[in-house]
Amino acid sequence: VALIGIVGCGKVGVSTAIQVAMKGLGDLVLIDIIQGLPQGEALDLSHMASILGIDVEITGSNDYRDLSGADLVIVTAGVVRRADMTRMDLLTKNASIVSDVSDKIREYASRSRVIMVTNPLDVMTYVALRRTGFERERVMGFSGLLDFGRFRYLVARELGVSRSSIIGPIIGEHGDSMVLLPRLTTVLGEPLTSLLPSERIMELVERTRRAGAEVISLKGWSASHAPGAGAALMAEAIIRDTNAVVPVSLYLKGEYGVEGVCVVVPAVLGWSGVKRVIELSLTESERSEFLRSVEVVRQAQQAVDQLIH
Ligand code: APR
């Protein structure tokens, strides 16, 4: 039986735990610094699994030693940006938390794969890569399924087709400069660019970029169910070794002409982690949009570089 650790037992961590447990992917250990919280959530989730007849062990702990032997660790620990915080405040605070968590993963779960969920996502993936010292194939960031899922939600409504019939890639930063690729997004092979006018596509892309903020402004705190669903899908691809092609934030080593930055690209996921990067054939304008997005992340990455060594 696989052992999956979830670090950070807040809204995103718990939603991820629910959806991983429902898939029956393996035993779960929840870790948080708040006394009682991971233990209480684990007990509640164990009761949930019992009602559903799912036989996975779910435990909670404040001790990172309980990550020992984990095959996969999903990191959702961090603070959520408050109105009075700048992006830089968030970056600094979460870089310190993720550094600390990464040290513990290296110490107690040195053979595991890591899925980073904490924001700002791409830079936190970089921090985890540096601080665990793991090879890049075992450290990946979750966000692409979330952003594409939000786009797909809008496109499916617009076209009146099933969400599952819409397939497409997303690349670049998990943030305002994310790159959706309407030319390569298709309904069973027919590109979006021939199904909708370009102005309408741009509106849907813009709405997708703002979707996270839209959720916050309505419910008062940030999304958790959609991130949980996406993180659980990535966990499934790894634990069941499915070779699913998933957009993940990954440290690039020359792919797409980019060196030394963590950004979202499509990758084949399986038991070993990232098995292969898929290099899409981009047009000049798609490529330059991607490279602009890479530069946004590169700058933020440089800003944390001195903090994490
Ligand atoms: N180790 C373990 N847990 C920690 C640590 C740490 N060093 N530091 C903070 N935590 C825990 C907090 O105690 C809290 O329970 O992380 C949890 C964060 O939960 P929430 O505040 O509910 O935040 P959430 O909405 O879950 O978002 C977490 O995921 O999607 C991203 O942008 C989001 O970066 C944010 C992260």
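Order of appearance sets the numbers: ligands from 1, and atoms from 1 within every ligand.
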Is there a salt bridge (charged side-chain N to carboxylate O under 4.0 Å, His left out) between E206 and R209? Walk through the geometry before answering. CA-CA 5 Å; E206 274 312 311; R209 292 202 173 108; 2.7 Å; yes
Treating R106 as the side-chain partner and R131 as the backbone partner, does any N or O pair qualify as donor plus acceptor under 3.5 Å? yes
Write out the residue and atom name of the closest protein heavy atom to [atom], then the distance separating them to 0.1 Å.
atom: atom 7 (N) of ligand 1; result: I97 CG2, 3.7 Å
atom: atom 4 (C) of ligand 1; result: A77 CB, 3.5 Å
atom: atom 23 (O) of ligand 1; result: V80 CG2, 3.2 Å
atom: atom 22 (O) of ligand 1; result: K11 N, 3.0 Å

Heavy-atom distances under 4.0 Å are what count here, so tell me which part of [X] touches ligand 1: side chain, backbone, both or neither.
X: T76; answer: backbone
X: N119; answer: both
X: Y64; answer: side chain

Check this for me: does any side-chain nitrogen of one of [X] and [Y] sit under 4.0 Å from a carboxylate oxygen of the other?
X: R183; Y: E289; answer: no
X: R240; Y: E236; answer: yes
X: R298; Y: E295; answer: yes

Please determine, by modelled atom types, if Q301 and D122 share a side-chain donor-acceptor pair under 3.5 angstrom. no
For the residue pair D66 / Y108, report whether a side-chain donor-acceptor contact shorter than 3.5 Å exists. no
I31 N/O to ligand 1 N/O under 3.5 Å: no
Purely on distance, is any nitrogen or oxygen of D32 under 3.5 Å from one on ligand 1? yes
Check each of [options] against [atom] and report the one with the nearest heavy atom.
atom: atom 25 (O) of ligand 1; options: T118, V12, I6; value: V12
atom: atom 9 (C) of ligand 1; options: G212, G78, P227; value: G78
atom: atom 8 (N) of ligand 1; options: D100, V75, I33, L30; value: I33

For E57, I'd like to know if atom CD has over 12 heavy atoms of other residues, nucleotides or ligands within 6.0 Å. no
Can you confirm whether more than 12 heavy atoms, excluding those of K93, are under 6.0 Å from its NZ atom? no
With a cut-off of 4.0 Å, which atoms of ligand 1 are near a heavy atom of [X]?
X: I34; result: 13 (O)
X: G10; result: 15 (O), 17 (C), 19 (O), 20 (P), 22 (O), 26 (O)
X: V117; result: 29 (O), 30 (O), 31 (C)

Students often mix this up, so state it plainly: with edges at 30° and 60°, are the rings of F290 and Y256 parallel, tilted or perpendicular? tilted
